[in-house]
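Below: one structure, written as structure tokens.
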Amino acid sequence: MATSSVLSTFAAAAITLQLLLSPASASPHMKYIDAICDRSHDQAFCVKTLTTNPPTAAPIGLLPLSEAVINLAISHAEKTAIFVDETAKKDPTVKVAFTECHKAYLAVAADLKSANVKLKASPDTANYDVRASSDNMRRVNELVGKNTDKASTTLKEMTMQMEKLLDLAAGAADAVDDDDENMRLRV
């Protein structure tokens, strides 16, 4: 009797340990997250972002997850555009540069919205739309890259986050496409 109790305790401990040590991809919805994060430059950021944001944490399929990922990027682009616009109105020392940055972020949001619309029917075109946003991020970096004021520093941080989200969005569009022709562009 004591042996059976020890064995069942040992079995329970082994099962618990296996669950704790098993990779996150063991859960059914992780295969969708993995499909996107495997295409990301920063896989740790990707997994953390997609598993901690409610719209992406428990995907029901690859297409809905990819749409949610692009929506995260759209939301960040729109919030950054608002920040840049408000700062340009308040601070005359950054007005010219921030007005151009505002235009860039509005273009990024438009490109991402276009990508989301095209995602199901033409994931290659959606991927192109996401990648087109990178030109706007380079423009923002050129405009404020050397600035050291607080608003520019904040914008640089927001732009770095935007670049990471664009990487995830490109990975999401590529995962929906699933022909891996765009994988070579990510290296």
Side-chain angles (χ1 to χ4, degrees), residues 32-57 59 61-85 87 97-145 147 151-187:
Y32 305 121
I33 291 173
D34 288 344
I36 293 171
C37 292
D38 286 349
R39 291 163 165 84
S40 172
H41 288 110
D42 186 345
Q43 292 182 353
F45 171 79
C46 181
V47 170
K48 181 180 178 189
T49 300
L50 300 189
T51 57
T52 58
N53 284 294
T56 60
L62 185 57
L63 181 63
L65 174 60
S66 295
E67 291 169 338
V69 169
I70 293 172
N71 282 331
L72 280 175
I74 291 168
S75 175
H76 186 75
E78 291 175 337
K79 288 176 185 173
T80 305
I82 292 168
F83 165 77
V84 172
D85 186 46
T87 304
F98 273 45
T99 298
E100 289 302 310
C101 292
H102 180 248
K103 291 175 190 175
Y105 268 98
L106 291 177
V108 168
D111 286 341
L112 291 168
K113 288 175 183 178
S114 174
N116 232 0
V117 168
K118 297 172 185 171
L119 188 60
K120 184 175 182 180
S122 181
D124 275 338
T125 305
N127 190 292
Y128 176 82
D129 287 349
V130 172
R131 292 188 178 287
S133 299
S134 296
D135 292 337
N136 286 305
M137 293 300 89
R138 274 190 290 282
R139 178 77 178 128
V140 169
N141 282 322
E142 289 168 4
L143 288 164
V144 297
N147 297 1
S152 294
T153 301
T154 300
L155 179 56
K156 286 186 269 187
E157 291 168 1
M158 295 173 93
T159 300
M160 191 174 355
Q161 181 76 1
M162 187 75 247
E163 289 169 337
K164 289 181 176 185
L165 291 170
L166 287 173
D167 182 52
L168 299 188
D174 192 31
V176 170
D177 188 25
D178 196 32
D179 64 11
D180 290 332
E181 71 184 45
N182 294 317
M183 284 292 288
R184 64 182 170 74
L185 299 173
R186 305 187 71 68
V187 180

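When every heavy atom of Ile33 is checked against every heavy atom of Thr56, the shortest pair comes out as CD1-O, 3.8 Å. Nearest heavy-atom pair across Arg39 and Gly171 is CD-O, 3.5 Å. Here the closest heavy-atom approach between residue Leu50 and residue Ile36 is recorded as CD1-CG2, 4.2 Å. For Thr51 against Ala57, the heavy-atom pair with the smallest separation is O-CB, 3.6 Å. Minimum interatomic distance between Ala126 and Ala115 (heavy atoms only, all atoms of both residues): CB-O, 3.3 Å. Scanning all heavy atoms of the two residues, the minimum distance from Tyr105 to Ala77 falls at CD2-O, 3.7 Å.
With contacts defined as side-chain heavy-atom distances shorter than 4.5 Å, the pair Leu72/Asn53 qualifies. Taking 4.5 Å as the limit, every side-chain heavy atom of Asn71 sits out of range of all side-chain heavy atoms of Pro55. Residues Asp111 and Val130 form no side-chain contact, since every pair of their non-hydrogen atoms from C-beta on lies 4.5 Å or further apart. By the 4.5 Å heavy-atom criterion applied to side chains, Phe45 and Cys37 are not counted as neighbours.
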**Step-by-step salt bridge (charged side-chain N to carboxylate O under 4.0 Å, His left out) determination, Arg138 to Asp135** = CA-CA 5 Å; Arg138 274 190 290 282; Asp135 292 337; 2.2 Å; yes

**Request:** Run the numbers on Lys156 and Val144 for side-chain contact (heavy atoms from CB on, under 4.5 Å), then give the verdict.
**Result:** CA-CA 7 Å; Lys156 286 186 269 187; Val144 297; 4.0 Å; yes

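Judged by distance alone, the side chain of Asp167 and the main-chain N or O of His41 form a donor-acceptor pair under 3.5 Å. Under the 3.5 Å distance criterion, the side-chain polar atoms of Asn141 are matched with a main-chain donor or acceptor of Met137. Between the side chain of Ser114 and the backbone N or O of Ala110 there is no donor-acceptor pair closer than 3.5 Å. Put simply, the side chain of His76 never gets that close to the backbone of Leu166: no donor and acceptor are under 3.5 Å apart. In this structure a side-chain-to-backbone donor-acceptor pair under 3.5 Å is missing from Ser122 to Lys118.
Ala107 is linked by a side-chain contact (heavy atoms from CB on, under 4.5 Å) to Asn136, counting only residues two or more places apart in sequence or in another chain. Checked against side-chain contact (heavy atoms from CB on, under 4.5 Å), Lys113 has the following partners two or more places apart in sequence or in another chain: Ile74, Glu78.
We find the OG1-CE distance between Thr153 and Met158 to be 13.0 Å, quoted to the nearest 0.5 Å. Note that CD of Glu142 and SG of Cys101 are 10.0 Å apart. Values are rounded to the nearest 0.5 Å. To the nearest 0.5 angstrom, Asp177 atom CG is 4.0 Å from Asp124 atom CG. Rounded to the nearest 0.5 angstrom, Thr99 OG1 and His102 NE2 are separated by 8.5 Å. Within the model, atoms CE of Met162 and CG of Leu112 stand 5.5 Å from one another, a figure rounded to the nearest 0.5 Å.
Judged by distance alone, the side chains of Ser66 and Tyr32 never bring a donor and an acceptor atom under 3.5 Å apart.
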